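Report on the structure given below.
Below, read A as the first sequence line, B as the second, and so on, with proteins coming before strands; counting in each chain starts at 1. Quick caveat, the model's predicted, so the values are computed rather than measured.
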Protein chains: 2
Amino acid sequence: MKSIIEILKENDIAPSMQRIKILEYLQSYKTHPTADMIYQALADEMPTLSKTTVYNTLKTFTEKGVLMALSLFGNEVRYEYNTEPHIHFKCTKCDKIYDLDKSFDHYNDDLIDGHKITEHHVNLRGICKICLRKVGD
Amino acid sequence: MKSIIEILKENDIAPSMQRIKILEYLQSYKTHPTADMIYQALADEMPTLSKTTVYNTLKTFTEKGVLMALSLFGNEVRYEYNTEPHIHFKCTKCDKIYDLDKSFDHYNDDLIDGHKITEHHVNLRGICKICLRKVGD
DNA sequence: TACTTCTTTGTAACGATTACAACTTTGGAA
DNA sequence: TTCCAAAGTTGTAATCGTTACAAAGAAGTA
């Protein structure tokens with residue numbers, strides 16, 4: 001298991017304290033947080049942390065391929081540590097986001113109608129199993 | 001071919017002039033516009049049109065299932081007239097959005113891991129064929 | 001040590017969207 | 001036909017997510 005610092009160095013990113021903490025957070029809490037959620041979570045521990053730093057860091061990480069930026073039904077960007085491809089499901093009742101393992105056809109690095117495909121996102125919406133139970137009450 | 005007014009009435013939406021024009025626009029120009037793009041396009045013809053009306057109308061249409069709201073790699077919502085399911089491809093160079101007919105597995109009205117699926121979006125990114133040609137220059 | 005570069009920070013600005021209250025239109029009921 | 005309530009529209013202000021920018025700080029190196 002690679003350390004956070006190793007991951008950063010491998011991607012040509014200097015391992016500053018802020019960057020380590022932000023990546024650490026995304027590695028530990030796989031909640032697809034927004035920039036603001038990350039900022040709020042780390043603000044206690046790092047009182048001088050700036051929201052701009054969070055945005056800058058997320059931009060850097062995304063450009064270097066460490067993170068994936070997600071657009072999941074709304075006008076806010078969510079981030080996740082870049083791992084195996086998977087599907088996202090967002091509940092319309094509680095807004096919770098679930099990762100689904102369900103495999104899907106790969107269009108990555110493929111040509112469709114002459115377009116070169118480099119990213120492939122499958123986003124589902126509906127009512128999650130917890131909210132389904134509540135509806136039944 | 002149903003008229004705009006018929007479509008609105010079928011969905012329990014009173015056919016006001018503003019609503020007719022907005023739906024007409026989305027039916028004619030399948031460019032996945034943002035609320036602002038629709039407002040800009042109609043502002044000449046309807047000088048008193050308010051941007052709030054555009055937002056209200058798009059919200060109503062989406063709730064009634066007349067339109068589909070799309071989150072395609074960015075923090076703005078795009079709208080399209082709700083037709084046959086298809087895939088969206090957005091070019092990273094020119095930001096143009098393409099509809100692709102390519103069929104895909106349907107999870108709609110299905111259960112996955114106990115979650116009830118009601119919407120299913122496939123979003124691709126990459127370089128479109130026009131930009132690919134330019135890169136070659 | 002001095003210099004350059006990278007990183008972080010805070011503030012202000014921006015764009016998309018929503019809240020809200022006033023005004024207008026519409027469709028009955030009296 | 002007139003009056004009223006409900007629905008629809010409008011403009012302004014506020015909010016939220018994000019970016020621009022310039023100054024301050026930290027790190028590496030000649």
Consider the side chain of Lys51(A), meaning its heavy atoms from C-beta on, and name the nucleotide among dT18(D), dT8(C), dG10(C) that approaches it most closely. dT18(D)
Starting at atom NZ of Lys9(B), determine the distance to atom P of dT26(C), rounded to an integer number of angstrom. 14 Å
Are Lys129(A) and Asp113(B) within salt-bridge range, i.e. N to O under 4.0 Å? no
Using atom CG of Leu23(A) as one end and atom C1' of dT7(C) as the other, report the distance to the nearest whole Å. 17 Å
For Asn56(B), report the nucleic acid contact type (base, sugar-phosphate, nothing); a contact means any heavy atom under 4.0 Å. base
Does dT18(C) have OP1 or OP2 under 4.0 Å away from a side-chain N or O of Tyr55(B)? no
If you check every side-chain atom of Thr53(B), which of dT9(D), dT9(C), dT19(D) has the closest atom? dT9(D)
For Asn75(B) and dT18(C), what is the distance between atoms CG and P respectively, to the nearest whole Å? 13 Å
Specify the separation, in whole Å, of atom CE of Met37(A) and atom C1' of dC16(D). 15 Å
Ion pair Lys21(B)/Glu24(B), N-O distance below 4.0 Å: yes
Send over the distance from Met46(A) CE to dG10(C) P, rounded to a whole Å. 11 Å
Whole-Å distance, Leu49(B) CG to dT24(C) C1', equals 15 Å
Ser16(B) side chain near dA7(D) phosphate (N/O to OP1/OP2, under 4.0 Å): no
Could you state the atom-to-atom distance from CD1 of Ile13(B) to C1' of dT9(D) in whole Å? 16 Å
Sugar-phosphate, base or nothing in reach of Thr48(A), heavy atoms under 4.0 Å: sugar-phosphate
Whichever of Lys59(A) and Ser50(B) has the more 5' nearest nucleotide on DNA chain D, that residue is Ser50(B)
Nearest to the side chain of Arg19(B), heavy atoms from C-beta on, is which of dT8(C), dG8(D), dT18(D)? dG8(D)
Establish, yes or no, whether a centroid distance under 6.0 Å links the rings of His32(A) and Tyr79(A). no
Using OP1 and OP2 only, check whether a side-chain N or O of Gln18(B) sits under 4.0 Å from dT25(C). no
Decide yes or no, distance alone: a donor-acceptor N/O pair under 3.5 angstrom between the base of dA20(D) and the side-chain of Thr52(A). yes
Check whether any side-chain heavy atom of Asp99(B) lies under 4.5 Å from a side-chain heavy atom of His88(B), and answer yes or no. yes
Would you mind reading off the distance between Met17(A) atom CE and dG25(D) atom P, rounded to a whole angstrom? 19 Å
Is the NZ or CZ atom of Arg125(A) both under 6.0 Å from the centre of the six-membered ring of Phe73(A) and within 45° of that ring's axis? yes
